[in-house]
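These notes concern the structure reproduced below.
What's counted below: heavy atoms across the whole structure, side chains too, no hydrogens, waters or symmetry copies. Numbered from 1 within each chain, the chains take letters A, B, ... in sequence-line order.
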Amino acid sequence: MIPIVFFGTYKFASAILESIVRSGLFEIRAVITQPDRPIGRHQELQKSPVKILAEKHNLTIEQPESLKGYTLHVAPYTLNIVVEYGLIIPQGILDSSERGSINIHPSLLPKYRGPSPIQSVLINGDNETGVSIMLMDKKMDHGPILSQKKFSIDPADTYTTLADKLSTLSAEMLIETVPKFLNGEIEPEVQIDENATFCKILEKDDGLVDFERTAEEIFNQFRGMIVWPGIHAYLEGKRMKFLDIRPVDLQIAPGVIKIQDEKVSVGCRTGSIELVKIQMEGKKPMGAPEFINGYNKFNGLKFN
RNA sequence: CGCGGGGUAGAGCAACCCGGCAGCUCGCGAGGCCCAUAACCUCGAGGUUCUCGGUUCAAAUCCGAGCCCCGCAA
């Protein structure tokens with residue numbers, strides 16, 4: 001078994017960790033994940049998905065607030081595996097293993113360097129993406145690539161389904177790539193920096209829908225942001241979350257709600273968005289039929 | 001005591017400010033119309049108006065306390 005330390009925090013990372021455990025290839029000396037964070041209305045501490053999984057498998061867990069000046073309490077080991085960890089890892093720790101640190105990045109590097117590659121390809125309406133496994137160096141998502149696979153995106157994919165598929169692919173690649181790398185069978189390939197593109201961390205405000213954009217653009221925004229931050233707009237001064245939408249071929253003035261044929265649609269610059277499931281401020285989620293029953297008076301109103 | 005919205009029939013809402021038989025859309029049941037229907041018409045069932053207390057001739061509505069749900073913030 002290959003002794004490793006795993007760095008990861010969120011759901012995508014926990015899916016990879018699950019595969020690592022199941023493969024039986026690795027001896028996981030420690031799992032490094034972000035500290036429990038206060039979440040929600042009552043500020044209750046929430047364990048990261050990786051921590052929950054690590055506890056389930058009785059793995060050693062460390063949760064430093066920052067790795068700056070931090071020392072890993074781990075006997076000599078071979079490799080760091082980093083997936084969606086979310087904190088900066090100092091060079092000293094990257095180099096603390098015998099063979100360095102590898103990172104799984106769910107994009108076709110050097111495209112979509114940065115923290116939101118899965119979301120960003122969807123938001124941009126791309127039809128292919130992929131997974132890259134790379135050696136980490138000083139710069140973010142910059143190191144030489146050990147392995148890369150392309151993956152075509154289904155127009156119906158959302159963050160949920162795409163992340164799921166990419167995590168499966170990532171796990172397969174990892175299990176195949178690591179032994180080859182350790183045996184010296186892989187020649188790391190330097191990234192071509194001039195082809196690099198970057199994606200940013202998504203903020204809450206990125207979820208605001210602009211109906212002056214096309215239905216397709218808004219639908220792509222929805223696909224990428226479905227899990228976080230979600231998309232929303234304001235009606236009569238109240239926030240409305242769009243929990244499920246689909247683009248439809250209907251011409252309505254941008255931002256105007258039209259209730260017709262038991263469907264609720266909102267006009268965009270081109271085409272319209274059908275609201276399949278929504279949630280209004282202070283209310284529970286509701287489907288279009290419930291909305292029509294109770295809020296027929298909103299017919300013809302405009303989002304702003 | 002962070003800010004705000006809310007709890008009314010199986011669902012979504014109205015009525016609350018300004019107290020007076022609790023209403024609308026959908027669903028459900030029965031009947032009718034129709035070649036036929038998820039369409040249309042008629043009738044009907046279904047409520048402790050979240051809980052407890054107060055004011056009043058009278059409370060969904062006003063006052064007080066509590067419980068629960070949700071949006072924001074962090």
Side-chain angles (χ1 to χ4, degrees), chain A residues 8-14 32-52 63-68 84-88 114-116 119 123 158-160 200-213 218-219 221-246 248-250 252 255-268 272-304:
Chain A
T9 300
Y10 306 104
K11 188 146 178 263
F12 185 82
S14 82
I32 317 298
T33 188
Q34 286 191 38
D36 298 0
R37 303 289 187 195
I39 283 292
R41 209 165 3 241
H42 302 294
Q43 295 281 95
E44 283 171 12
L45 289 179
Q46 175 86 40
K47 298 172 185 174
S48 76
V50 164
K51 179 176 179 181
I52 292 169
Q63 299 180 273
E65 188 62 49
S66 165
L67 288 180
K68 204 171 177 182
E84 206 187 27
Y85 174 55
L87 294 178
I88 302 285
S116 61
Q119 295 90 330
I123 292 165
T158 63
Y159 178 82
T160 312
K200 64 181 195 97
I201 193 155
L202 294 176
E203 318 260 349
K204 213 122 198 172
D205 287 347
D206 292 321
L208 182 63
V209 172
D210 177 5
F211 286 103
E212 294 296 336
R213 309 187 69 172
I218 293 170
F219 184 61
Q221 179 186 12
F222 166 71
R223 294 204 292 151
M225 300 188 189
I226 184 168
V227 172
W228 203 88
I231 63 168
H232 66 273
Y234 290 90
L235 182 67
E236 300 283 278
K238 303 263 189 182
R239 173 188 285 249
M240 186 188 284
K241 288 183 173 181
F242 302 131
L243 302 181
D244 190 15
I245 65 174
R246 65 169 156 247
V248 286
D249 195 16
L250 244 180
I252 306 171
V256 171
I257 296 190
K258 187 165 191 173
I259 296 177
Q260 191 181 32
D261 300 333
E262 297 174 22
K263 291 188 165 101
V264 184
S265 308
V266 185
C268 308
S272 298
I273 287 295
E274 181 189 333
L275 306 182
V276 179
K277 191 174 180 189
I278 61 163
Q279 181 173 18
M280 295 198 300
E281 194 175 309
K283 296 294 187 179
K284 293 183 179 174
M286 95 181 78
E290 289 79 25
F291 180 79
I292 293 167
N293 281 339
Y295 292 96
N296 216 289
K297 61 184 176 182
F298 284 176
N299 196 6
L301 292 185
K302 189 170 187 251
F303 282 96
N304 52 14

Which value, in whole Å, describes the distance between the [atom1] atoms of nucleotides [N] and [M]?
N      : M      : atom1 : value
B/rC16 : B/rA11 : P     : 23 Å
B/rA9  : B/rU49 : C1'   : 10 Å
B/rC3  : B/rA65 : P     : 15 Å
B/rG7  : B/rC63 : P     : 15 Å
B/rU48 : B/rU8  : P     : 11 Å
B/rC26 : B/rA38 : C1'   : 13 Å
B/rC72 : B/rG53 : P     : 37 Å
B/rA15 : B/rG23 : P     : 15 Å

For atom [atom1] of [X] and atom [atom2] of [N], their distance in whole Å:
X      : N      : atom1 : atom2 : value
A/D261 : B/rA39 : CG    : P     : 14 Å
A/F298 : B/rG12 : CZ    : P     : 16 Å
A/I292 : B/rC13 : CD1   : C1'   : 13 Å
A/N293 : B/rC26 : CG    : P     : 7 Å
A/M286 : B/rU25 : CE    : C1'   : 13 Å
A/K263 : B/rA38 : NZ    : C1'   : 14 Å

**OP:** Assign a letter to each nucleotide of nucleotides 68-74 of chain B from its 5' end: B, base within under 4.0 Å of a protein heavy atom; S, sugar-phosphate only; -, no contact.
**Re:** -SBBBBB
Is there a Watson-Crick or G-U wobble partner for [N] with both distances under 3.5 Å, and which nucleotide is it?
N      : answer
B/rC1  : none
B/rU55 : none
B/rG29 : B/rC43
B/rG12 : B/rC24

Original post:
How long is the gap from NZ on A/K200 to CD on A/Q119, to the nearest 0.5 Å?
Top reply: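 The NZ atom of A/K200 sits 11.0 Å away from the CD atom of A/Q119.
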Do any side-chain atoms of residues 277-285 of chain A form donor-acceptor pairs under 3.5 angstrom with protein atoms, and if so which ones, sequence neighbours left out?
| residue | atom | partner | partner atom | Å |
| --- | --- | --- | --- | --- |
| A/Q279 | NE2 | A/K283 | O | 2.7 |
| A/E281 | OE1 | A/R239 | N | 2.8 |

**OP:** Could you pick out which residue, A/K297 or A/K238, lies toward the 5' side of RNA chain B when each is mapped onto its nearest nucleotide?
**Re:**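 Nearer the 5' end of the strand: A/K238.
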**OP:** Answer yes or no: is there a donor N or O on one side and an acceptor on the other, between the side chain of A/E84 and the main chain of A/A13, under 3.5 Å?
**Re:**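 It does hold such a pair.
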Original post:
Does A/D206 use its side chain to pair, donor to acceptor, with the backbone of A/E203 at less than 3.5 Å?
Top reply: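 Checked: pair present.
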Subject >> Side chains of A/V256 and A/F211 in contact at under 4.5 Å (non-hydrogen atoms) >> reply: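 No, their side chains stay 4.5 Å or more apart.
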Original post:
Under 4.5 Å between any side-chain heavy atoms of A/I218 and A/V266, yes or no?
Top reply: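 They are not in side-chain contact.
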**OP:** Return no unless some side-chain N or O of A/Y295 is found under 4.0 Å from OP1 or OP2 of B/rG12.
**Re:**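 A/Y295 to B/rG12 OP1/OP2: no side-chain N or O under 4.0 Å.
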**OP:** Kindly write out the residues that satisfy ring-ring contact (aromatic ring centres under 6.0 Å, His included) with A/Y295, not counting sequence neighbours, or none if the list is empty.
**Re:**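 A/Y295: ring-ring contact (aromatic ring centres under 6.0 Å, His included) contacts with A/F291, A/F298.
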Subject >> side chain to side chain contact (heavy atoms under 4.5 Å, CB included) between A/L250 and A/K263, worked out >> reply: CA-CA 12 Å; A/L250 244 180; A/K263 291 188 165 101; over 6 Å; no
